[in-house]
Protein chains: 2
Amino acid sequence: MTEGRAAPTAPSSGGGFGKTSIRQANEELILAAAERVFARAGYSGATMAEIAQEAALPKANLHYYFGSKLELYREVLARTLKDWLVPTDFIRPEADPRAALAAYIDAKMRMSAERADASRVFANELLHGAPVLGDLLRTELRALVERKAEVIDGWIAAGRMARVDSKHLFFTIWAATQTYADFDVQVRAVLGITATGPAAQSRASAAVRTLILRGCGLAESE
Amino acid sequence: MTEGRAAPTAPSSGGGFGKTSIRQANEELILAAAERVFARAGYSGATMAEIAQEAALPKANLHYYFGSKLELYREVLARTLKDWLVPTDFIRPEADPRAALAAYIDAKMRMSAERADASRVFANELLHGAPVLGDLLRTELRALVERKAEVIDGWIAAGRMARVDSKHLFFTIWAATQTYADFDVQVRAVLGITATGPAAQSRASAAVRTLILRGCGLAESE
DNA sequence: GTCTATATCAGGATAGAC
DNA sequence: GTCTATCCTGATATAGAC
């Protein structure tokens with residue numbers, strides 16, 4: 001994954017072969033730290049010093065590996081975006097609508113729980129107009145949703161589920177699932193809990209799954 | 001509304017009576033400008049210079065009226081929060097569940113369209129852990145949702161709607177409606193439109209309303 | 001009550017020693 | 001390839017003239 005990035009201006013260390021493992025390890029360390037810090041402070045709120053401290057590396061190393069704060073931010077986003085779109089694979093014409101949508105929703109709920117920081121970085125980017133990801137949204141994401149919406153429209157035409165606006169269905173599923181990562185504080189405040197454990201997570205998954213499936217005319221109890 | 005705030009350190013102008021209208025007008029101007037700038041840049045991304053320019057006032061005036069950037073931010077949030085909770089008034093025990101939820105959803109969708117900036121400021125605050133609003137969420141918001149969830153539980157117990165988790169229902173409604181303000185770029189990118197006009201708005205409202213109502217066993221076509 | 005000019009500081013970036 | 005010390009921009013905040 002780090003393979004695809006344009007090499008920094010620094011020359012490679014010794015022989016003709018690829019990156020040193022120390023470089024790989026440090027880049028990984030920095031990206032993970034950056035994700036955490038960007039998640040809790042946003043792009044402008046995050047400081048290179050804070051990321052360095054979180055990664056337990058000197059500040060100058062971040063610039064050595066990534067050049068600038070913006071470059072580091074781009075990398076964090078790029079690393080995330082791929083994983084973000086994967087769960088749509090469940091949605092294929094020959095699949096059972098109920099099973100496919102249930103699997104999609106569950107996968108998104110699991111990502112909200114397990115990769116909450118990545119979700120928040122992404123949310124922050126969208127909230128501020130997607131200055132970095134905008135083009136990707138208008139091309140790749142749009143094309144992907146176009147394809148998947150057609151699948152759903154096919155299911156509807158075949159009478160396999162209720163009539164819903166397929167694209168807006170995606171907006172609602174994204175919103176309903178990611179809210180548990182992005183607006184986690186609000187959820188915890190309302191539920192009166194201090195941390196979201198496995199029990200709270202499966203209750204949330206069940207609630208969202210039931211509501212959306214029934215909304216699509218695919219009630220689980222049928 | 002500005003009445004309730006602690007007075008700045010500045011002495012009041014002349015006689016013993018309240019604020020001059022010039023003060024009121026300027027405060028209003030600054031708050032409106034601040035909402036726009038905080039919405040598009042977040043708290044740390046926003047600069048006092050930018051807000052001043054947007055308000056067409058000299059930078060120092062902002063500090064004269066609001067003391068600090070943080071105080072100004074607090075005011076913008078406070079001004080918003082009240083309006084934010086109002087639509088829940090539709091949800092009362094004696095109301096018709098379908099009509100009440102439809103009205104609530106429509107009101108929230110309208111707020112996403114008409115007060116998108118306020119929604120984004122709010123989203124940004126939540127996304128970063130609600131440092132300012134945290135206490136309010138854990139007290140007022142929690143109590144409000146507790147009361148409204150009881151109303152919904154009552155409807156369910158009376159067999160007037162399907163079994164849903166009432167608190168998670170609120171999370172989903174908030175998420176699904178506010179996503180049209182907060183993640184507007186994503187919606188426009190996927191739909192392939194450059195601006196969200198009245199037509200797109202009513203299509204979105206209808207889609208969300210239909211999906212959620214049917215999810216609550218309150219299909220509109222019944 | 002209003003605004004210009006400025007103090008002060010934080011944070012991104014880099015030069016250059018090791 | 002790594003890190004210390006430093007530069008310098010840009011942003012908050014204020015002093016003090018009007």
Side-chain angles (χ1 to χ4, degrees), chain A residues 2 5 7-31 33-34 37-38 40-76 131-132, chain B residues 2 5 7-31 33-34 37-38 40-76 131-132:
Chain A
T2 44
R5 167 154 26 83
T9 48
S12 80
S13 62
F17 55 96
K19 298 182 182 186
T20 65
S21 63
I22 183 158
R23 166 176 282 268
Q24 280 195 341
N26 279 347
E27 285 183 351
E28 195 50 48
L29 213 58
I30 293 168
L31 285 168
V37 176
F38 283 133
R40 69 168 173 259
Y43 177 73
S44 9
T47 70
M48 295 299 268
E50 201 181 347
I51 297 172
Q53 190 181 10
E54 187 94 15
L57 285 172
K59 201 173 55 155
N61 285 29
L62 311 202
H63 282 100
Y64 173 70
Y65 285 120
F66 291 94
S68 73
K69 184 184 179 182
L70 187 60
E71 265 314 301
L72 178 52
Y73 178 68
R74 294 192 128 97
E75 282 303 316
V76 170
V132 169
Chain B
T2 43
R5 165 154 28 83
T9 47
S12 80
S13 63
F17 55 97
K19 298 182 181 184
T20 65
S21 63
I22 183 158
R23 166 177 283 268
Q24 281 195 340
N26 279 347
E27 285 184 351
E28 194 50 48
L29 214 57
I30 294 169
L31 285 168
V37 176
F38 282 133
R40 70 167 172 258
Y43 177 73
S44 7
T47 70
M48 295 298 268
E50 202 181 347
I51 296 172
Q53 190 180 9
E54 187 93 15
L57 285 173
K59 203 171 52 157
N61 286 29
L62 311 202
H63 282 100
Y64 172 71
Y65 286 119
F66 292 94
S68 73
K69 185 183 178 182
L70 186 60
E71 265 315 301
L72 178 53
Y73 178 67
R74 294 193 129 96
E75 282 303 317
V76 171
V132 169

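Quick note on labels: first sequence line is chain A, next is B, and so on, each numbered from 1.
- We find that CZ of A:Phe66 is positioned 16 Å from P of C:dG12, with the value rounded to whole Å.
- Between the C1' atom of C:dG11 and the CZ atom of A:Phe38 lies a distance of 13 Å, rounded to the nearest Å.
- Taking every side-chain heavy atom of B:Ser68 into account, D:dA13 is the closest of D:dA13, C:dT2, C:dA13.
- In this structure, the nucleotide among C:dC3, D:dG1, D:dT12 sitting nearest to the side chain of B:Met48 is D:dT12.
- Atom CD in B:Glu50 sits roughly 9 Å away from atom P in D:dA11 (whole-Å rounding).
- Distance from the side chain of A:Tyr64 is smallest for D:dT2 among the nucleotides D:dT2, C:dA13, C:dG1.
- As judged by a 4.0 angstrom heavy-atom cut-off over every strand, B:Ala46 is placed among residues touching the sugar-phosphate backbone only.
- With respect to B:Arg23 and B:Glu28, no salt bridge is recorded, no charged nitrogen being found less than 4.0 Å from a carboxylate O.
- Classified by interplanar angle (parallel below 30°, tilted 30° to 60°, perpendicular above 60°), the ring pair B:Tyr43/B:Phe38 is parallel.
- Contact check on B:Glu50 versus B:Lys59 returns no salt bridge, with no Lys/Arg side-chain nitrogen under 4.0 Å from an Asp/Glu carboxylate oxygen.
- Here D:dT2 is the nucleotide among D:dC3, D:dT2, C:dG12 with the atom lying nearest to any side-chain atom of A:Ile22.
- For D:dC3, one of the phosphate oxygens OP1 or OP2 lies less than 4.0 angstrom from a side-chain nitrogen or oxygen of A:Asn61.
- Note: NZ (A:Lys69) to P (C:dA10) measures 16 Å, nearest angstrom.
- The shortest side-chain heavy-atom distance between A:Leu72 and A:Leu31 falls under the 4.5 Å cut-off.
- The shortest heavy-atom contact between B:Ala41 and B:Ala46 is CB-N, 3.7 Å.
- Distances were taken from every side-chain heavy atom of A:His63 (C-beta onward) to each of C:dG12, D:dT12, D:dA15; the shortest belongs to C:dG12.
- In this structure, CD1 of A:Ile30 is placed 13 Å from C1' of D:dC3, rounded to the nearest angstrom.
- The CG atom of B:Leu62 sits 13 Å away from the P atom of C:dT4 (whole-angstrom rounding).
- Closest contact between the side chain of B:Lys59 and the listed nucleotides C:dC3, C:dG1, D:dA13 involves D:dA13.
- Distances from the side chain of A:Thr47 to the nucleotides C:dG12, D:dC3, D:dT2 place C:dG12 closest.
- Regarding B:Ile51, its CD1 atom lies at a distance of 12 Å from the P atom of D:dA11, rounded to whole Å.
- Regarding B:Arg23, its CZ atom lies at a distance of 13 Å from the P atom of C:dC3, rounded to whole Å.
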